[in-house]
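Everything below concerns the one structure shown next.
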Number of protein chains: 2
Amino acid sequence: MKFAKIPMATIVRLSIYMRTLQELLEDDVDVISSERLAKQCGVNPAQIRKDLAYFGEFGVRGVGYRVNELVNQIKDILGLNRPWNLAMVGLGNLGSALIRHGNFIKHGYMFTAAFDIDPQKIGKRLPNGLIINHVDELEEIIKQREVHVGIITTPASEAQSVANQLVLAGINGILNFAPVQIQVPDCCHVENVDFTIKLDSIAYHLSFGS
Amino acid sequence: MKFAKIPMATIVRLSIYMRTLQELLEDDVDVISSERLAKQCGVNPAQIRKDLAYFGEFGVRGVGYRVNELVNQIKDILGLNRPWNLAMVGLGNLGSALIRHGNFIKHGYMFTAAFDIDPQKIGKRLPNGLIINHVDELEEIIKQREVHVGIITTPASEAQSVANQLVLAGINGILNFAPVQIQVPDCCHVENVDFTIKLDSIAYHLSFGS
DNA sequence: TGAATAATGTGAATAATATCACATTATTAG
DNA sequence: CTAATAATGTGATATTATTCACATTATTCA
Ligand SMILES: NC(=O)c1ccc[n+]([C@@H]2O[C@H](COP(=O)([O-])OP(=O)(O)OC[C@H]3O[C@@H](n4cnc5c(N)ncnc54)[C@H](O)[C@@H]3O)[C@@H](O)[C@H]2O)c1
Ligand SMILES: NC(=O)c1ccc[n+]([C@@H]2O[C@H](COP(=O)([O-])OP(=O)(O)OC[C@H]3O[C@@H](n4cnc5c(N)ncnc54)[C@H](O)[C@@H]3O)[C@@H](O)[C@H]2O)c1
């Protein structure tokens, strides 16, 4: 499916296109031009065509893109036409809010394990039926349940140690919400989410114009 | 403070440098080279020097950067040496978790207003002392309390309408957690946070290698 | 059928961004 | 004081990403 070296920005945009296309699908739109899609996504139409061109030809000249087909083709491109199993590590404020959230399931992500270190939390059952396990059992359970991606929502001070455990357990993808830069081997791909960095960008724009 | 057209990526990296520098400060490091900082931030050393060079000369040749000075200089660059007032709109799972979180205060962001539409929630007092107001009072309160940035944590279906209200109230910066692309006038700067897009990137990497 | 129209796919041009490489400046030690 | 060393700041270069512009292909309608 992958032919050349693909810009990371292209991958991110494909996700955005896909979400917009899924909304269009719900509104019973079945064909769309790169121009209209571009407007909705806030990008240049040629950008969309170029991004897709890395992976093949998906449109019909003179017509546009069939929405439902394109959604599936983007899913193929991104590897989303299969389930992905997630483990949440740290069931505090943020972890609990996330695991309760329906958007993950909707996009094919399934929480299959949850870990904490607080004795009060171990053994508790989450709204989705999952039971919180002690982080000592992390390696065993992650292998058993074939978890693919680990989500870190522990305090920052624990994030590196949790990351190490995840890597040891064979995890190759981590979504890190702790506000620290964690170090992992090359085989493991980390994405960071730090809201305050986004706020900093806003502050900069408000201070010094667009 | 701003001299040329600055890449957006530079602004984001400056935030990251700043956070790493703040950690170093806590560890009583008082001077650091671009090389060591680069390693900790996962970037190229020349990148750091170039990013800073857009705004002036902050280091000492042959020595490096004085950590505490550089933190302050980056704060000046980003417009962070002043308080920023935030309003949270939507006090559900996510909004409540966020407003309870200490990291915002730590970085100079202060919640000064909170809005919801659920009668059960209006009038409730949050852990930080803030009282939840009805979203009908949004414009008045935002002006009164000099809110600078609005945070949207309502369901996706409400996000555009909330954004419209924020813009009407004079807000020029929005942090949007709802998984939709909101449309605002050019005067308003929007940053989106969508965790599932990050998961998609991870899925892609796991499926098709680095 | 054929002309008019619409919209893709893509090579070429442009723009933006990152990296290299080294001249410059500060410090240390002999 | 001078040589050796360290690390910044920056012009030049390389790389990457975006946009343009148009040839190509599909559709519609006279
Ligand atoms: N809450 C937010 O809105 C928010 C926003 C931005 C970033 N963050 C970051 O997300 C992380 C979690 O935030 P929170 O507000 O949920 O904190 P929290 O204190 O409510 O939750 C942390 C949880 O991690 C558990 N934990 C601690 N050490 C652990 C370990 N070694 N293994 C497994 N579990 C462990 C704790 O028992 C607790 O349940 C923090 O790093 C925070 O900076 C949170
Ligand atoms: N919870 C998560 O972890 C998570 C993760 C990713 C994205 N999101 C997104 O964040 C948003 C909120 O998620 P949540 O889980 O907190 O949902 P939620 O349903 O728990 O909370 C939504 C809150 O918004 C309030 N609300 C509804 N309409 C409103 C309006 N017009 N004005 C003001 N308040 C209004 C509701 O009363 C409710 O309190 C959603 O868009 C969701 O997709 C949430």
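Each chain gets a letter, A, B and so on, in the order the sequences are listed, and its residues count up from 1.
- Considering only side-chain N and O atoms, Y65(B) lies under 4.0 angstrom from the phosphate OP1 or OP2 of dG9(D).
- Evaluation of atom-type donor-acceptor distances gives no pair under 3.5 Å for the side chain of K50(B) against the base of dT10(D).
- Note on T10(B): nothing from the nucleic acid sits closer than 4.0 angstrom, heavy atoms only.
- Nucleotide dT8(D) holds its C1' atom 13 Å from the CG atom of L37(B), rounded to whole Å.
- The R49(A) side chain lies nearest to dT10(C) when the options are dA21(C), dT17(C), dT10(C).
- When distances are taken from the side chain of P7(A) to each of dA7(C), dT17(C), dA17(D), the shortest belongs to dA17(D).
- In this structure, R13(B) reaches the sugar-phosphate backbone alone: every heavy-atom distance under 4.0 Å involves primed, P, OP1 or OP2 atoms, never a base.
- To the nearest angstrom, P of dT8(C) lies 14 Å from CD of Q73(A).
- Residue-environment remark: CD (E137(B)) exceeds the threshold of 12 foreign heavy atoms within 6.0 Å.
- R100(A) CZ: more than 12 foreign heavy atoms inside a 6.0 Å radius.
- Place A53(A) and G62(A) on DNA chain C by their nearest nucleotides, and G62(A) ends up nearer the 5' end.
- Nearest to the side-chain atoms of V63(A) among the listed nucleotides dT27(D), dT8(D), dT10(C) stands dT27(D).
- Side-chain contact annotation: R82(A) with S207(B), donor-acceptor N/O pair under 3.5 Å absent.
- For dC29(D), the paired base is dG2(C) (Watson-Crick or G-U wobble, both distances below 3.5 Å).
- Centroid-to-centroid, the aromatic rings of F104(A) and F111(A) come within less than 6.0 Å.
- Residues in residues 143-162 of chain B take part in these salt bridge (Lys or Arg N to Asp or Glu O under 4.0 Å) pairs, two or more places apart or across chains: E139(B)-K143(B).
- Distance R66(A) CZ to dT27(D) P: 11 Å, rounded to the nearest Å.
- Side-chain atoms of H205(A) come within 3.5 Å of backbone atoms of S201(A) as a donor-acceptor pair (strictly under, hydrogens ignored).
- As a whole-Å value, the separation of M8(A) CE from dA16(C) P is 23 Å.
- Taking every side-chain heavy atom of R61(A) into account, dA23(D) is the closest of dT19(C), dA23(D), dA23(C).
- For A46(B), taking side-chain heavy atoms from C-beta onward, the closest of the listed nucleotides dT19(C), dT24(D), dA7(D) is dT19(C).
- As a whole-Å value, the separation of E35(B) CD from dA21(C) C1' is 14 Å.
- Going from atom CG of D51(B) over to atom C1' of dT10(D) covers 14 Å, rounded to whole Å.
- Nucleotide dT10(D) holds its P atom 17 Å from the CG atom of N44(B), rounded to whole Å.
- Neither OP1 nor OP2 of dA7(D) sits under 4.0 Å from any side-chain N or O of S34(B).
- Listed nucleotides: dT10(C), dT19(C), dG9(D). Nearest to the side chain of Q47(B): dT19(C).
- In this entry the distance linking CZ of F58(B) with C1' of dA7(D) reads 17 Å, nearest Å.
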